[in-house]
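Take a look at the structure below.
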Amino acid sequence: MKQTGDDYFDSKEFREMLDNYEESVKSGHPLFMDADDLADIADYYHFMNNPQQADETIDYALSLYPNATQPNVFKAREALTEGDIDTAQQYVEQIDNKDDPDYQYMQAELLIAQNRIDEADEYLRQYFATIPPEEYQDFVMDVSNIYMDYGVNDKAYEWIMRSKGDNSNDFMELMARTLFGLGKYKDSERIFNELLDRNPYSKRYWNALASAQFMNEDFSGSVTSSEYAIAIDPEDPEGLLSKANGLYRLGNFEEAIQYYERYEKVCEPESHILVQVYQELALCYSSLHQLDKAIDYLDKTKALECDMTDLLVLKGHIYLENDHIREAEKAFKDAIIRSDNAPFVLLRIIVSLYDNKYLTASYSMFKKFFTMVDENFNEGHAYMALCCWDLGYTEEFMTYLRIAVDRNPYEAHIVLKHLFPKDMETKDYYHYMQNKLKK
């Protein structure tokens with residue numbers, strides 16, 4: 001069995017249990033196993049992206065223990081992933097031991113899944129009041145992990161800060177992932193480097209470090225970190241995809257294609273990430289002006305669950321990049337019709353025009369676009385500012401720069417940061433440029 005990067009799944013104890021289970025299934029005489037052990041095996045299959053084996057294992061567990069906590073928790077979380085609150089609730093109510101912490105956690109998760117965050121937090125705080133002091137640390141880490149799973153990063157951080165903290169790997173990793181979720185990539189990177197000093201053979205840490213570096217736009221560092229993960233496990237999907245993404249951002253399209261294709265070979269066919277991979281491959285081939293291969297990869301996504309409007313916009317962009325104007329116009333027009341003139345679709349098309357150096361057309365469409373959208377629409381002003389900058393329209397550039405910084409500083413930073421000193425805060429962009437243009 002290949003290394004997973006998870007300490008428990010890679011342990012001798014778990015491997016022996018899994019081997020015994022799989023041998024019994026092959027023989028047609030399943031072992032009579034503990035409910036928690038069967039749930040762990042199902043978790044392993046889920047972790048390894050083998051949903052059918054996970055479901056078969058957990059269904060077997062429920063046939064033996066219909067009211068056990070862990071098998072019902074597994075099925076409830078599976079239902080929540082599908083957005084099926086009612087089915088999740090039914091599985092939670094089947095749990096006999098209502099004092100089990102996992103039953104209490106699931107009650108909170110049901111609320112979080114419905115975006116009833118304040119109610120969930122109140123429920124957890126009331127339950128926290130009943131927890132013995134010696135269990136505080138485990139409890140706050142469990143709650144932080146739950147919030148992290150649902151992307152409620154501010155609450156995850158709030159709960160983890162309730163603990164006294166410790167120097168354990170588990171606590172440090174949770175803190176690093178929480179900081180990552182809050183967008184504090186440098187702090188997250190620092191902690192993962194500390195963890196790697198302790199365990200340089202953890203591909204999980206290397207992949208997490210690569211992600212933090214990628215988000216901090218250190219693409220070269222991200223590629224290097226992903227290479228360590230791949231050295232540990234040459235077929236590690238996360239490492240292969242991370243390296244491919246980093247190479248793409250560095251403009252190394254030919255090598256990026258190699259790693260996207262390696263990822264495709266080890267990725268499960270039903271993986272939702274395949275849509276992203278095919279589209280990235282299309283963009284790579286487009287950048288190399290191999291239009292036929294780019295369109296072939298785009299067409300592959302039609303057999304998967306994908307947003308057809310997004311696909312049409314991307315197809316238009318690729319045709320435009322390769323000077324097929326008529327085909328680009330048709331794809332963009334189809335996207336606009338399919339989306340019923342959705343502002344975000346129109347914006348993506350205008351940005352595509354800018355990216356492909358159709359500056360005057362992009363500028364004209366931006367002018368019209370801002371008369372069409374609601375006055376509270378806060379997207380696109382930074383791109384218009386950049387377009388004006390490139391066209392030399394200084395006065396309009398300053399007008400849209402101010403709007404972008406005031407209304408959408410995140411977009412302003414992403415789009416315009418190359419025009420300003422590296423460590424400058426976005427809020428200072430306007431005054432900096434005002435002073436610079438006076439000189």
Side-chain angles (χ1 to χ4, degrees), residues 83 115 151 153 181 183 214-215 217 245 248-249 272-280 282-283 286-287 294-295 297-299 301-302 304-321 325 327-391 396-397 399-418 426 429:
N115 203 31
N153 300 303
F214 185 90
M215 294 305 294
E217 300 187 355
N245 288 337
Y248 174 79
R249 294 299 292 269
H272 67 280
I273 301 176
L274 270 179
V275 172
Q276 173 200 331
V277 170
Y278 288 156
Q279 292 182 354
E280 296 290 350
L283 287 167
S286 178
S287 296
I295 297 301
Y297 269 108
L298 277 189
D299 289 342
T301 65
K302 292 178 182 177
L304 305 170
E305 291 185 15
C306 68
D307 187 315
M308 284 302 298
T309 302
D310 285 345
L311 182 63
L312 286 166
V313 173
L314 186 56
K315 182 174 282 191
H317 175 82
I318 286 173
Y319 276 129
L320 200 60
E321 186 174 37
I325 310 301
E327 292 89 342
E329 287 178 349
K330 183 181 184 308
F332 286 150
K333 183 178 179 181
D334 290 345
I336 292 169
I337 293 171
R338 177 178 281 271
S339 70
D340 194 23
N341 293 295
F344 286 104
V345 172
L346 293 169
L347 178 58
R348 286 183 60 199
I349 292 170
I350 300 171
V351 171
S352 176
L353 287 169
Y354 171 83
D355 287 341
N356 285 292
K357 311 304 181 188
Y358 292 89
L359 300 183
T360 303
S362 178
Y363 170 80
S364 298
M365 288 187 69
F366 265 127
K367 294 287 281 189
K368 184 177 180 181
F369 176 75
F370 289 125
T371 67
M372 295 167 54
V373 295
D374 184 273
E375 62 181 10
N376 295 317
F377 188 84
N378 291 330
E379 307 287 335
H381 298 94
Y383 290 100
M384 178 55 157
L386 187 58
C387 191
C388 291
W389 175 266
D390 288 345
L391 288 167
E396 283 187 270
F397 164 73
T399 298
Y400 285 103
L401 173 62
R402 168 171 271 175
I403 295 172
V405 168
D406 288 345
R407 293 191 186 181
N408 193 336
Y410 176 77
E411 183 188 80
H413 173 73
I414 294 297
V415 176
L416 300 169
K417 62 188 174 186
H418 64 286
T426 310
Y429 281 4

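Bear in mind the structure is a predicted one, so any value in this text is a computation, not a measurement.
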Between [X] and [Y], what is the shortest heavy-atom contact and its length?
| X | Y | result |
| --- | --- | --- |
| Gly316 | Ala328 | O-CB, 3.4 Å |
| Asn376 | Asp374 | N-OD1, 2.7 Å |
| Ile318 | Ser286 | CG2-OG, 3.5 Å |
| Leu391 | Leu359 | CD2-CB, 3.8 Å |
| Ser339 | Thr309 | CB-CG2, 3.9 Å |
| Ser362 | Leu353 | CB-CB, 4.1 Å |

Look up atom [atom1] in [X] and atom [atom2] in [Y], then write down how far apart they are to the nearest 0.5 Å.
| X | Y | atom1 | atom2 | result |
| --- | --- | --- | --- | --- |
| Asp355 | Leu386 | CG | CG | 9.0 Å |
| Glu375 | Arg407 | CD | CZ | 7.5 Å |
| Leu320 | Asn356 | CG | CG | 4.0 Å |
| Phe369 | Ile350 | CZ | CD1 | 5.5 Å |
| Thr399 | Phe397 | OG1 | CZ | 10.5 Å |
| His381 | Tyr400 | NE2 | OH | 7.0 Å |

Would you find a donor on one side and an acceptor on the other, under 3.5 Å apart, between the side chain of Ser364 and the backbone of Ala361?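 No, the answer is negative, given that no donor and acceptor are paired below the 3.5 Å cut-off.
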
Just by modelled atom types, is the Tyr319 backbone N or O under 3.5 Å from a matching donor or acceptor in the Glu327 side chain?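 Not confirmed, Glu327 side chain does not pair with Tyr319 backbone.
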
Mark yes when over 12 heavy atoms from residues, nucleotides or ligands other than Lys330 sit less than 6.0 Å from its NZ; otherwise mark no.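 Counting other residues, nucleotides and ligands, NZ of Lys330 stays at 12 neighbours or fewer.
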
Let's go through Phe344 and Phe377 carefully: what are the C-alpha distance in whole Å and the side-chain angles of both, what is the deciding distance for ring pair (Phe, Tyr, Trp, His ring centres under 6.0 Å) to 0.1 Å, and is it a yes or a no? CA-CA 10 Å; Phe344 286 104; Phe377 188 84; 5.2 Å; yes

Heavy-atom side-chain contact between [X] and [Y] under 4.5 Å:
| X | Y | answer |
| --- | --- | --- |
| Met372 | Leu346 | yes |
| Glu379 | Asn408 | yes |
| Tyr429 | His413 | yes |
| Val313 | Ser352 | no |
| Lys315 | Ile295 | yes |

Gln276 vs Asn245, test: side chain to side chain contact (heavy atoms under 4.5 Å, CB included). Steps then yes/no. CA-CA 10 Å; Gln276 173 200 331; Asn245 288 337; 3.8 Å; yes

Using the ring of each side chain (for Trp, its six-membered ring), is Phe366 parallel, tilted or perpendicular to Phe370, with breaks at 30° and 60°?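 Phe366 vs Phe370 ring planes: parallel.
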
I'd like to know whether Glu411 forms a side chain to side chain contact (heavy atoms under 4.5 Å, CB included) with Leu416, so could you lay out the CA-CA distance, the side-chain angles of the two residues, the decisive distance to 0.1 Å, and finally the verdict. CA-CA 8 Å; Glu411 183 188 80; Leu416 300 169; over 6 Å; no

Side chain to side chain contact (heavy atoms under 4.5 Å, CB included) for Leu314 and Leu283? Distances and angles first, verdict last. CA-CA 9 Å; Leu314 186 56; Leu283 287 167; 3.6 Å; yes

Using side chain to side chain contact (heavy atoms under 4.5 Å, CB included), reason through Arg338 and Leu312 one step at a time and then give a plain yes or no. CA-CA 9 Å; Arg338 177 178 281 271; Leu312 286 166; 4.0 Å; yes

Looking at Tyr363 versus Tyr358, is the centre-to-centre ring distance below 6.0 Å?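 Ring centres of Tyr358 and Tyr363 not closer than 6.0 Å.
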
Phe332 and His317: aromatic ring centres closer than 6.0 Å?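 No: the rings miss the under 6.0 Å criterion.
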
Scan side-chain atoms only and decide if Asp299 and Tyr278 contain a donor-acceptor pair under the 3.5 Å cut-off.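 Not at all, the side chains of Asp299 and Tyr278 share no donor-acceptor pair under 3.5 Å.
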
Should Glu396 and Lys367 be marked as a salt bridge (charged side-chain N to carboxylate O under 4.0 Å, His left out) after you check the CA-CA gap, both sets of side-chain angles, and the distance that decides it? CA-CA 11 Å; Glu396 283 187 270; Lys367 294 287 281 189; 3.1 Å; yes

